Q: 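Quick one: this structure, given as structure tokens, is what I'll be asking you about.
Note that the structure is predicted; figures quoted are calculated from it, not measured.
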Amino acid sequence: METAMVSSASSVLAMLSETHPSLKLEALSHLNTLVHQFWPEISNSVSILESLYEDENFDQPIRQLAALVISKVFYYLCELKASLSYALGAGSLFDVSEDSEYVHRLLAKAIDEYAILRSKATESNEVVEIDPRLEAIAERMLDKCITDGKYQQAMGIAIECRRLDKLEEAITKSENVQETLSYCINVSHSFVNRREYRHEILQLLVNVSQKLASPDYFNICQCLMFLDEPQGVASIMEKLLRSESKDDALLALQIAFDLVENEHQAFLLGVRDRLPAPKTRPVETVQVVETSTAQTDNTAGDVQMTEETPSQIIEHETDPADTVYAERLTKVKGILSGETSIQLTLQFLYSHNKSDLLILKTIKQSVEMRNSVCHSATIYANAIMHAGTTVDTFLRENLDWLSKATNWGRFSATAGLGVIHRGHLQHGRSLMAPYLPQGGAGGGGSPYSEGGALYALGLIHANHGEGIKQFLRDSLRNTSVKVIQHGACLGLGLAALGTADEDIYDDIKSVLYTDSAVAGEAAGVSMGLLLVGTATDKASEMLAYAHETQHEKIIRGLALGIALTVYGREEGADTLIEQMTRDQDPIIRYGGMYALALAYSGTANNKAIHQLLHFAVSDVSDDVRRTAVLALGFVLYSDPEQTPRIVSLLSESYNPHVRYGAALAVGISCVGTGLSEAISLLEPLTSDLVDFVCQGALIAMAMVMVQISETSDSRVGAFRRQLENIILDKHEDTIRKMGAILASGILDAGGRNVTIRLLSKTKHDKVTAVIGLAVFSQFWYWHPLIYFISLAFSPTAFIGLNYDLKVPKFEFMSHAKPSLFEYPKPTTVATANTASKLPSAVLSTSAKAKARGKKEAEQKANAEKPGNESGAGKGKATSNEKEGESMLVDSTATTVEKKAEPEATFEILVNPARVVPSQEKYIKLMEESRYVPVKLAQSGFVLLRDLRPHEPEVLSLTDAPTSTAFPVVGAAAAGQAQQEPATSAMPVDDEPQPPQASEHASP
């Protein structure tokens, strides 16, 4: 039968040589039905088919049908480009609605070709000709998707092909426009690689959204933030604030909190300053004053004069609606300035602080005093562990030990207070007053303390420095001490983050031009912090000075600073990146790696990844190779699952610098996720033979495991024990021990109530967090920059707020086992009593026999007196007591009798509550709850609609953190300072402290 069909195919091909057109058409029709089986035979006659297609004397049907047959032949020959070319020649005979593999693959090829040509035409200045037949196929495909209701496919094709007209058509014709807009926003952020084109899409989405009857103001404002249009956001917020509906006002407050989460200080201040003040109308009031007589001395010859003088008083009346608007405006401005969220976060971290001071005490006791590196690392760990809690108990109780810090160690110890009290905007300056420069004379008696205090002020006011910028500028201008200039530059850069203030830039530049290595390094970093994301011409000025100076520290500071200026600029930074990565100076190339990382941060851009991998394996400088691998973490943090796979081979490199970079890349991109693949990759690196590789792996592991409980992953407990073993091992290398100490601080950061987030809940970059981690990774060269990690801390909290921005008390539910998200268990130490009982283990057999004999005697006595219940109870108690004594010797006695109760499958939480990222999907509101969120959110600041406003409210978070000034650290003041009251909300440990010799013991 097959032979007959082959013969039939041959005979059909023979018919093509017939002269009559109808016979040729019939032959082509038969070949079109047979081509999927007999394409090998037909391929031998392709030249005949091509001649039919190219001969213009034939009618269109014959030529199109010949093109279709040729297209199918080339398809089976895997020549897709040629197949598509002939399919275009087939015109309408190429049916895009046909459900076959041939059509599907050619359509995909057509869309790809069309998208490439459209992108090339848009991105380059060249004239690109697009085959109208190809465009017709793309349009037919788009129309078919829209007609069939496949709107997401239509939007994907329209975005890829840069057909914004079709994108708008697909959105407006969709059944659920709001949902479609949200999907489109996510697609634009995830898959659109070019920043300019992404802005075009977002502008279109804003225009479409604003035309709707009920616009989604949340998405509109997020889009406007990326478009850097503060006026548009201000207009929307004004409209909501002036609305008569209280719900609209709550919506405006929620939008403000969502914008603040992205931490774009310059944009937030722009919105706040553009919100109009309440309108007032002047009212003229006329008062007639009674006759007044002016009498003067007649002897002077003056004339007596009497007159009536009416007076006019201009008063201003405020419309009642404007009074409400003014009240709401005050609330919104407080949120946009960051003051409201910072104050609430401070209260939450203070009231929920679960820091385990016993861990710090263990670290302190294991650190040798002569080891300044570990001494400073302990101070760093304490600051990170208590970041934002305002609890400085450990420092107050160990002032003698703390006073051993000298020079830069003292600088770091003082700056650590800025991390502990971060966000204490109202009292930050008074807290640091003992150290701050005062009238040219150092308050702390040491330039290192003064410089550290200025750095601490920057950390306290990071990204919210309006109230402290002027003081830091004055401090910078009024000193010529390099250490103080170093601290002032870092503090000023933090306080004015991203504001691009020209006056501050000039002040910092004057310090840079002194060409001091110490001050110049901080000045370079500070310039970058000030100009974050601006991509101004000043970057070229900074690069020129980097080529002129001879100080490596200054070059390195400027290299990082230049990288910060191109944050988020993507292809707009390509010219500068190319210039830096081709530089002969390895430090400049090192800065080029950071520029690549920050320009394409969170984009997972293939071009950036390819460039970084190229430098990771080819550059001659170990510093550049290490940083190139590390930079992958910043590019990929929006897709953390990809990072372990991409750097897996690099983590096994022979070069320890590459292995270190791979460890930190995984730590940065997978931060706070507890990703199993990330932990598996880091585990062998934590035992690496090279000390600094081990250090980086320990820090990265802590970053991945932060806020992950031991119940959800047993490897967390094993890692904690590994850290403890490294710290307690007196023969362990200093670099490894430093890594373990820092990792301990990161694991329990912020009183065990913060995690590290680089993306907001709306999946947008958190600017301050990304910048903080970028500068933190510089601690390889300069340890005080470790404190920048605190900029990336985000509280793991659900904080519900009412209309008055107070925190009402109400319950909600976590539909998961409590142990999955519980706090780590506090560490314990063996007490003196248990230690004294240990020798009795030798007599375990005797103790058991004695207990058994006692038990038999008591049972016999109870049998003789059955009515004596009290005696039986007493005997039972005595027996249990003796059994308890024997349990100290052999604990197996309890395993049989004790039966574990089943754990609850849910947990009731009270607002405000700790909600870790992995717990968010289990959070549910209680049925018939009094409060309903304005926007569905499982964590962060959530505005609540009160369904029973006439009932009295019970408020939470009434305890404010203390603001006691920290005592001056110094040998002379140590004795007096130890008497200062501690501000900790938590005890040092669960055991009571022994009384002092001169004090009476409490009963």
Q: Any side-chain heavy-atom pair from Leu269 and Leu336 closer than 4.5 angstrom?
A: no
Q: Gln254 side chain to Ala249 main-chain N or O, any donor-acceptor pair under 3.5 Å?
A: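 Side chain of Gln254 to backbone of Ala249, a donor-acceptor pair under 3.5 Å: no, none is there.
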Q: If you measure from OG on Ser669 to CD on Glu641, what distance do you get to the nearest 0.5 Å?
A: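 If I round to the nearest 0.5 Å, the distance is 9.5 Å.
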Q: State which residue, out of Thr534, Val770, Leu531, fulfils the side-chain contact (heavy atoms from CB on, under 4.5 Å) condition with Tyr567.
A: Val770
Q: Calculate, to the nearest 0.5 Å, the distance between atoms CG and OG belonging to Leu250 and Ser245 respectively.
A: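 Answer for the CG-OG pair, Leu250 versus Ser245, is 8.0 Å.
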Q: Quick one: closest heavy-atom pair of Gly423 and Leu346, and the distance?
A: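 The pair with the smallest heavy-atom distance is O-CD1, 3.4 Å.
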Q: I need the full list of salt bridge (Lys or Arg N to Asp or Glu O under 4.0 Å) pairs touching residues 931-947, with sequence neighbours left out, sorted by first then second residue.
A: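 Only Asp247-Arg945, Asp258-Lys935, Arg930-Asp946 qualify under salt bridge (Lys or Arg N to Asp or Glu O under 4.0 Å).
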Q: Which residues satisfy the side chain to side chain contact (heavy atoms under 4.5 Å, CB included) test with Ser790, sequence neighbours excluded?
A: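 Val419, Arg422, Leu459, Phe793.
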Q: To check you understand the geometry: which heavy-atom pair defines the closest contact between Leu564 and Gly528, and what is its length?
A: CB-O, 3.5 Å
Q: With salt bridge (charged side-chain N to carboxylate O under 4.0 Å, His left out) as the criterion, how do Lys166 and Asp143 come out once you've worked through the C-alpha distance, each side chain's angles and the decisive distance to 0.1 Å?
A: CA-CA 8 Å; Lys166 291 294 182 181; Asp143 292 337; 2.7 Å; yes
Q: Could you check whether Ser209 and Asn219, counting side-chain N and O atoms only, form a donor-acceptor pair closer than 3.5 Å?
A: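 Not at all, the side chains of Asn219 and Ser209 share no donor-acceptor pair under 3.5 Å.
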Q: Check whether Arg914 reaches the backbone of Ala797 with its side chain - one donor and one acceptor, N or O, closer than 3.5 Å.
A: no
Q: Under 4.0 Å between a Lys/Arg side-chain N and an Asp/Glu carboxylate O for Arg272 and Glu466?
A: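 Looking at Arg272 and Glu466, the cut-off is met.
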Q: Would you say the side-chain atoms of Arg198 and Gln203 include a donor-acceptor pair closer than 3.5 Å?
A: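 On atom types as modelled, these side chains do not qualify, holding no pair under 3.5 Å.
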Q: Please state whether the rings of Phe798 and Phe810 are parallel, tilted or perpendicular, taking 30° and 60° as the class boundaries.
A: perpendicular
Q: Checking Gln210 now: which residues fulfil side chain to side chain donor-acceptor pair (under 3.5 Å) with it, not counting sequence neighbours?
A: none
Q: Determine, for Tyr151 and Lys173, whether the Lys NZ or Arg CZ falls below 6.0 Å from the six-membered ring centre while staying within 45 degrees of the axis.
A: no
Q: For the residue pair Val260 and Ile335, what are the closest heavy atoms and their distance?
A: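 Heavy atoms only, the tightest pair is CG2-O, 3.2 Å.
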Q: Would one find more than 12 heavy atoms of other residues, nucleotides or ligands at under 6.0 Å from atom CD of Gln426?
A: no
Q: At what distance, to the nearest 0.5 angstrom, does CG of Leu494 lie from NZ of Lys469?
A: 13.0 Å
Q: Using a strict threshold of under 4.0 Å (side-chain N to carboxylate O), is an ion pair present between Arg569 and Asp574?
A: no
Q: Could you give the distance from CD (Glu238) to CD (Gln231), rounded to the nearest 0.5 Å?
A: 8.5 Å
Q: In terms of side-chain heavy atoms, does Gln919 have a donor or acceptor partner in Ser814 at a distance below 3.5 Å?
A: yes
Q: Is there a side-chain contact between Met813 and Tyr922 in this structure, where contact means two heavy atoms from C-beta onward sitting under 4.5 Å apart?
A: no
Q: Considering all heavy atoms of both residues, which atom of Arg274 and which atom of Ala234 are nearest to each other, and what is their separation?
A: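 Closest heavy-atom pair between Arg274 and Ala234: CB-CB, 3.8 Å.
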Q: Measure the CD1-CG distance between Ile756 and Leu758 for me, rounded to the nearest 0.5 Å.
A: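 If we round to the nearest 0.5 Å, Ile756:CD1 and Leu758:CG are 8.0 Å apart.
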Q: Cation over ring, Lys331 on Tyr803, under 6.0 Å and within 45°?
A: yes
Q: Cut-off 3.5 Å, side chains only: do Asn262 and Gln222 have a donor facing an acceptor?
A: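 Checked: Asn262/Gln222 side chains pair up, N/O donor to acceptor below 3.5 Å.
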Q: For Lys806, which residues count as a salt bridge (Lys or Arg N to Asp or Glu O under 4.0 Å) partner, sequence neighbours excluded?
A: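 Listed in chain order: nothing, the list is empty.
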Q: Could you grab the distance from atom CD1 of Ile771 to atom NZ of Lys766, nearest 0.5 Å is fine?
A: 13.5 Å
Q: Are any of the side-chain nitrogens in Glu502 or Lys538 under 4.0 Å away from the carboxylate oxygens of its partner?
A: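 Judged by the 4.0 Å cut-off on N to carboxylate O distance, Glu502 and Lys538 do form a salt bridge.
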Q: Thr565 versus Leu598: any side-chain heavy-atom pair under 4.5 Å?
A: no
Q: Kindly say whether Gly602 contributes a backbone atom to a donor-acceptor pair with the side chain of Asp765 at under 3.5 angstrom?
A: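 No, because the side chain of Asp765 does not come within donor-acceptor range (under 3.5 Å) of the backbone of Gly602.
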Q: Minimum heavy-atom separation for Leu259 and Cys221, please, with both atom names.
A: CD2-O, 4.0 Å
Q: Determine whether the aromatic ring centres of residues Phe776 and Phe788 are separated by less than 6.0 angstrom.
A: no
Q: Any side-chain heavy atom of Leu344 sitting closer than 4.5 Å to one from Gln347?
A: yes
Q: Taking side chain as C-beta onward, heavy atoms only, is Leu181 less than 4.5 Å from Leu212?
A: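 Of all side-chain heavy-atom pairs linking Leu212 with Leu181, at least one is under 4.5 Å.
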Q: Given 3.5 Å as the limit, does a donor-acceptor pair link the side chain of Ser182 with the main chain of Gln178, or not?
A: yes
Q: Listing request: all salt bridge (Lys or Arg N to Asp or Glu O under 4.0 Å) pairs with a residue in residues 179-189, at least two apart in sequence or in separate chains.
A: none
Q: Just to verify, which of Ile159, Ile157, Thr172 counts as forming a side-chain contact (heavy atoms from CB on, under 4.5 Å) with Leu167?
A: Ile159
Q: Please determine whether the number of non-hydrogen atoms from other residues, nucleotides or ligands lying under 6.0 Å from atom CG of Asp503 exceeds 12.
A: yes
Q: Any donor and acceptor pair, going by atom type alone, linking the side chain of Glu261 with main-chain N or O of Lys761 inside 3.5 Å?
A: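 Yes, Glu261 side chain to Lys761 backbone: donor-acceptor pair under 3.5 Å.
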Q: Under 4.0 Å between a Lys/Arg side-chain N and an Asp/Glu carboxylate O for Glu200 and Arg162?
A: no
Q: ring-ring contact (aromatic ring centres under 6.0 Å, His included), that's the test. Do Phe226 and His764 meet it? Break it down for me.
A: CA-CA 9 Å; Phe226 280 98; His764 300 150; 4.4 Å; yes
Q: Who are the salt bridge (Lys or Arg N to Asp or Glu O under 4.0 Å) partners of Arg194, not counting sequence neighbours?
A: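 Testing Arg194 for salt bridge (Lys or Arg N to Asp or Glu O under 4.0 Å), a comparison that skips the adjacent residues, returns Glu123.
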Q: Glu571 versus Arg195: any side-chain heavy-atom pair under 4.5 Å?
A: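 Yes, close enough: below the 4.5 Å cut-off.
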Q: Salt-bridge test for Glu920 and Arg757: reply yes if a basic N is under 4.0 Å from a carboxylate O, no otherwise.
A: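 Looking at Arg757 together with Glu920, the answer is yes, because their closest N to O distance falls below 4.0 Å.
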Q: Where is the tightest heavy-atom contact between Ile220 and Pro215, given as atom of each residue plus distance?
A: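 Taking every non-hydrogen atom into account, CD1-CB, 3.8 Å.
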Q: Would you say Ser601 and Val635 make side-chain contact, with heavy atoms under 4.5 Å?
A: no
Q: Give the C-alpha distance, both sets of side-chain angles, the deciding distance and a yes or no for side chain to side chain contact (heavy atoms under 4.5 Å, CB included) between Ser794 and Val754.
A: CA-CA 5 Å; Ser794 178; Val754 301; over 6 Å; no
Q: Could you tell me whether the side chain of Ser939 reaches within less than 4.5 Å of the side chain of Thr796, counting heavy atoms only?
A: no
Q: Does Glu196, at its CD atom, have more than 12 non-hydrogen atoms belonging to other residues, nucleotides or ligands within less than 6.0 Å?
A: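 Open: at most 12 neighbouring heavy atoms sit under 6.0 Å from CD of Glu196.
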Q: The test is side chain to side chain contact (heavy atoms under 4.5 Å, CB included); show your working for Leu909 and Ile923 and say whether it passes.
A: CA-CA 9 Å; Leu909 303 176; Ile923 298 300; 4.0 Å; yes
Q: Can any side-chain N or O of Asn802 pair as donor or acceptor with the backbone N or O of Pro808 at less than 3.5 Å?
A: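 Absent.
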